[in-house]
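The structure appears right after this line, and notes come after that.
Counting convention: from 1, in listed order, for ligands and their atoms alike.
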Amino acid sequence: MSSSVTNKPPHKINRKFLVSAPGKVILFGEHAVVFGKSAVASSVGLRSYLYLETREEELLELYLPELGATEPFSWKKSELTFEFAAKNQQEKGSFNQILYEKVKFFTIDKINKNVEGNSLIKIQQQQAAVSAFLYLYLTLLHIAETEQKQEQFGLTIRVRSTLPVGAGLGSSASYSVCLATGLLLSFGFIDISNTNDNRSIAESINHWAFQAETVLHGTPSGVDNTVATFGGVLKFTKGSSGHLMIENLKGSRFQSTRFLLIDTKIPRDTRTLVANVRVKLEKYPDIVNPILDAIQNISLYFVNLLKDHVSDNTFLEKFQDLIDLNHHLLNSLGVGHLALDKIREITARHGLHSKLTGAGGGGCALTLLHDDVLNEVIKRVKIEVSELGFDCFETLVGGPGVGVIDSLGVIDVNEFVTMEKSMLQKINGWHFYE
Ligand SMILES: Nc1ncnc2c1ncn2[C@@H]1O[C@H](COP(=O)(O)OP(=O)(O)OP(=O)(O)O)[C@@H](O)[C@H]1O
Ligand SMILES: C[C@@](O)(CCO)CC(=O)[O-]
């Protein structure tokens, strides 16, 4: 068993869990963070929710209504006979590329047949989400079988979300964290009643969520799943050996800051955008490396600014400058979009500063709402951007990370699938792994 999974308590059939994990905003450092630079990121109030029930039959069911699926995807366990070719060579707990390729091939074949009539983009989103599930499920099943601790069981999984999908707010990471948590719980690799071990449980969840993110994104930095797991406000840097350096910025000035998130609804895909930046870096290292360094310096400057005891005016003036600088540098990496520049233009007319957030190429912009901004101004901005077909959210930053409710007494599976999204947000009783 990988060192990142805790000892296994006895497993029970017919267990029910509800898991939820937040999306994120990257304030500074997206893209550069993939190449070892620092980013500053925070959880947001919008979350994904996963309902999981273990059952006696050999059936696995995964229902992804947010991706336009009208029926659950389902498999018999006997259908999933993948050879673990990399079993002996593979370092325990590292990403299994061979399994990933097989799962991807299997999923593409299955989903092309099953969801005809859906748009190509939805099909690709479903294929990616199902691949992430199968990859994690099969890897954890294999570990359980190797340890001869495996009790046979089937799974019913349903996933809902209040996050826009593919908009730069970390929907994939919050899905990955929910999946990893639900599967670790169902295999008994983590135990919800063990509240003394929150930190190592969260690290284990983050480790497996990163693998799901690798299926979804190719070469993620890990910042999104780390924020979705731990919540709060973080400075995140990934060392060259993959070691994570995380500084908790909770309680800093950033936490009380209000933001407007404006979703252009222009679809884009993080995997492609990250790959394009890598191509640019390889082609023009002497030009692109200094851009990545400049982005890194913005993150570092901001973290120092949070710690300096400067006046509110100085803080705001510099914060706004950093937002503008970071946006332009991201544009120079080729991850901007005319719609994002349009949002900057509209918000600037009202004295507000915005930048793209997340992978860019469409998706969301982040607008800083300083303390003196009038409600009337916010209202005006909302009207102007909605006239262009964009969505707007005002959201809190720095809330909790992954949360779990065991043995649901209150919600059944049908209720979970049909309840209003606003009601999902009102569910209480979470155990958070902070
Ligand atoms: N609610 C969900 N249910 C199932 N899969 C989801 C869900 N939300 C996201 N995903 C998966 O994550 C993919 C979106 O990932 P992508 O990285 O492009 O967007 P994002 O995470 O919203 O943006 P960013 O990485 O820039 O923050 C989808 O294609 C889908 O496979
Ligand atoms: C673009 C990127 O920096 C952030 C996506 O939310 C990719 C990553 O860090 O994995």
So which protein heavy atom does [atom] come closest to, and at what separation?
atom	result
atom 30 (C) of ligand 1	Gln125 O, 3.6 Å
atom 9 (C) of ligand 1	Ser171 OG, 3.2 Å
atom 15 (O) of ligand 1	Ser172 CB, 3.3 Å
atom 25 (O) of ligand 1	Thr270 OG1, 3.0 Å
atom 17 (O) of ligand 1	His217 NE2, 2.3 Å
atom 19 (O) of ligand 1	Gly166 CA, 3.1 Å
atom 26 (O) of ligand 1	Arg268 NH2, 2.6 Å
atom 27 (O) of ligand 1	Lys24 NZ, 2.6 Å

**OP:** May I ask you to say whether Glu420 pairs ionically with Lys426, meaning some side-chain N is under 4.0 Å from a carboxylate O?
**Re:**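 Here Glu420 does not pair with Lys426 in a salt bridge, since their nearest N and O are not under 4.0 Å apart.
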Practice item. State plainly whether the residues Lys77 and Glu58 are in salt-bridge range, i.e. N to O under 4.0 Å. Key: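 Salt bridge flag = yes for Glu58 with Lys77.
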Can you list the atoms of ligand 1 that are under 4.0 Å from a heavy atom of [X]?
X	result
Asp224	25 (O), 27 (O)
Ala129	4 (C), 5 (N), 31 (O)
Ser161	1 (N)
Leu64	4 (C)

Sub-6.0 Å ring centroid separation between Phe153 and Phe187: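 Judged by ring-centre distance (under 6.0 Å), Phe153 and Phe187 do meet the cut-off.
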Original post:
What residues form a salt bridge (Lys or Arg N to Asp or Glu O under 4.0 Å) with Arg344, not counting sequence neighbours?
Top reply: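 For Arg344 the salt bridge (Lys or Arg N to Asp or Glu O under 4.0 Å) partners, ignoring immediate neighbours, are Asp324.
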Within 6.0 angstrom of Tyr301 OH, more than 12 heavy atoms from elsewhere: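 Counting neighbours around OH of Tyr301, 12 or fewer heavy atoms of other residues, nucleotides or ligands fall under 6.0 Å, so no.
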### Message
Are more than 12 heavy atoms, taken from residues, nucleotides or ligands other than Lys421, located less than 6.0 Å from that residue's NZ atom?
### Response
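Above 12, so yes.
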Exercise. Hey, what's the ring geometry for Tyr100 with Phe95, parallel, tilted or perpendicular (30° and 60° as the breaks)?
Worked result: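 Tilted.
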Quiz item: Tyr433 vs His431 aromatic rings, parallel, tilted or perpendicular, using cut-offs 30° and 60°?
Solution: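 Perpendicular.
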Write down the atom of Ser174, the atom of Gly23, and the distance for their closest heavy-atom approach.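 Closest heavy-atom pair between Ser174 and Gly23: CB-N, 4.2 Å.
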- Which residue, Trp208, Trp75, Tyr175, Phe106, forms the ring-ring contact (aromatic ring centres under 6.0 Å, His included) with Phe133?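 Of Trp208, Trp75, Tyr175, Phe106, ring-ring contact (aromatic ring centres under 6.0 Å, His included) with Phe133 is met by Trp75 alone.
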Check your understanding: Considering only heavy atoms, does Ala132 approach ligand 1 within less than 4.0 Å through its side chain, its backbone, both, or neither?
Key ->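 Under 4.0 Å from ligand 1, Ala132 contributes no heavy atoms.
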Discussion item. Once you restrict to heavy atoms under 4.0 Å, what part of Leu163 touches ligand 1? Side chain, backbone, both or neither.
Written reply: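 Neither; no heavy atom under 4.0 Å.
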**Request:** Taking only heavy atoms of the protein into account, state which residues are under 4.0 angstrom from an atom of ligand 2, in chain and number order.
**Result:**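 Within 4.0 Å of ligand 2, the protein residues are Lys24, Ile26, Glu30, His31, Val33, Val34, Pro220, Ser221, Val223, Asp224, Val274, Gly358, Ala359.
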Report, one line per pair, each donor and acceptor closer than 3.5 Å where one atom sits in a side chain of residues 239-247; sequence neighbours left out.
from	atom 1	to	atom 2	distance (Å)
Glu247	OE2	Lys307	NZ	2.8

According to side chain to side chain contact (heavy atoms under 4.5 Å, CB included), who are the partners of Ala339, at least two apart in sequence or on a separate chain?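 Testing Ala339 for side chain to side chain contact (heavy atoms under 4.5 Å, CB included), a comparison that skips the adjacent residues, returns Thr264, Ile266, His337, Phe390.
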